[in-house]
Amino acid sequence: MATALTPPRALSPIDAAQLHFVLRFSFGTTAAFIVCEYMGWQPSVLAPVLTGVLVANLPGSPPFKVGIALVIVMAVCAWLAFLLTTWFSQVPHLLFGVIGLIMFLAFAGLAQAKGQLPLTLLLICFTVVPVVTLTISEWAGMFPGMLVRAMALGVIFTWIAFAIWPLPSPKGPDPGTPPLENPALAAALGVAIVLPVMLIYLMLGLTDAIPVLLTTVLIVAKMEEERGAVSGVAKLLGNLLGGFVAVAAYYLLKVAPSLTSLALITFLIGAGFGSVIVKGGPRGGGALVGYNATMVIFGLALLKGPSNAGTWGSRVVQFAIACTFAVGMMMLLMPRLRSRSR
């Protein structure tokens, strides 16, 4: 008996938009990472992390002026942080007083739901650049340029990814931090979380501060007043999961080390996390933090090599400690902040 061939079922608009988001996220982050690895632009993890942040948070392709503006904002913030660190390097208490004041103003702006992305870039620069400048001498004068290059690559591959898969993101933009009646308290909380982590890395002379500081800033910058506990725990779990995924990806790459294998593994990592990020909510935010942790630890593993496996493996523990501190402070102090605001 002959059987009629049934045509494949067409994807619904929502399913098609979700597929476009996952492919867009996977392609953009993978392309940025592979280009940096191929060209030897270290740290290669900055570009895919920034690309992932842009693709995950933008509902559509950013206009040309917006993309250029993001690169300019990153350049101004990065070089300003470097110049201030250089000028006040002999007066550390004054340096950290200035950094704390700038962070306070940035967190106060975030607490009033103003300029979320530019202020986040400002916080990234003033958190990471001073520590790197004072602890890694060979990167001291080059790191601001590395950040600008990473942002430029992130914007370029975001444009390319949206050009290939143009359907807008099916999830709405994540709710930003609601305006608080007393943003000064929220700003003080943000400074109280980030500044001690910076001081610890400087006092101990640790040279691997970039991934931990970057993750801490991205977590604190997304403080969500009404569901801080749920979102915080999701980010903590995503961070721990990302560390284990990075270790597994590194040993999987050792089976067949090549640029093609690296691209395939990176694409699969992006697709796995992207399929959760596209759903939004606390799980989506936790998945984005997990992806950032995965790529940072994976990239550092490739940079350090197998002889330093213990060194980069310890970064999983550093991630967990910093993330636990940030989330714990948010869960402990945010309820008091809400009661004071009311």
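The figures here come from the full heavy-atom set of this structure, side chains too, leaving out hydrogens, waters and symmetry mates.
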Evaluation steps, side chain to side chain contact (heavy atoms under 4.5 Å, CB included), between Y291 and V49: CA-CA 8 Å; Y291 175 79; V49 167; 5.6 Å; no

Check L119 against A106 and note the closest heavy-atom contact, atom names and distance. CD1-O, 3.7 Å

Applying a strict under-4.5 Å side-chain criterion to I, L, V, M, F, W and Y, I'd like to know whether L122 and F104 cluster together. yes

Test log, rule side chain to side chain contact (heavy atoms under 4.5 Å, CB included), inputs T133 and F143: CA-CA 8 Å; T133 302; F143 191 68; 5.6 Å; no

Assess the residue pair L153 and W41 against the criterion (side chain to side chain contact (heavy atoms under 4.5 Å, CB included)); give the C-alpha distance rounded to whole Å, side-chain angles, the decisive distance to 0.1 Å, and a yes or no. CA-CA 11 Å; L153 288 174; W41 293 337; 3.9 Å; yes

Please round to the nearest 0.5 Å and tell me the distance separating atom OG1 of T266 and atom CD of E37. 8.0 Å

Could you check if a side-chain atom of L264 sits within less than 4.5 angstrom of a side-chain atom of T30, using non-hydrogen atoms only? no

What one should report as the nearest heavy-atom pair of R24 and A161 is CG-CB, 3.3 Å

Applying a strict under-4.5 Å side-chain criterion to I, L, V, M, F, W and Y, I'd like to know whether L70 and F126 cluster together. yes

Might you point out which heavy atoms bring W159 and G67 nearest each other, and give the distance in Å? CZ2-CA, 3.8 Å

CZ of R149 to CE of M74: how many Å apart, nearest 0.5 Å? 12.5 Å

Do F298 and L259 land in one hydrophobic cluster if side-chain heavy atoms of ILVMFWY residues count as linked below 4.5 Å? yes

Under 4.5 Å between side-chain heavy atoms, hopping through other hydrophobics if needed: is there a path connecting F27 to V45? yes

Kindly say whether the aromatic ring centers of F88 and F96 come within a distance under 6.0 Å. no

Do M146 and F157 sit in one hydrophobic cluster, given that two such residues count as connected whenever their side-chain heavy atoms are within less than 4.5 Å of each other, even indirectly? yes

Gap separating the CG atom of L23 from the CD1 atom of I164, nearest 0.5 angstrom: 10.0 Å

Are T127 and M103 packed together at the side-chain level, in the sense that at least one heavy-atom pair is separated by less than 4.5 angstrom? yes

Drop me the distance from I102's CD1 to L80's CG, to the nearest 0.5 angstrom. 6.0 Å

Indicate the atoms forming the closest heavy-atom contact of S44 with F33, along with that distance. OG-CE1, 3.4 Å

What one should report as the nearest heavy-atom pair of P144 and F82 is CG-CB, 3.6 Å

Test of ring centre spacing under 6.0 Å for F21 and W165: no

Please name the pair of heavy atoms, one in L58 and one in F162, separated by the smallest distance, quoted to 0.1 Å. O-CZ, 3.7 Å

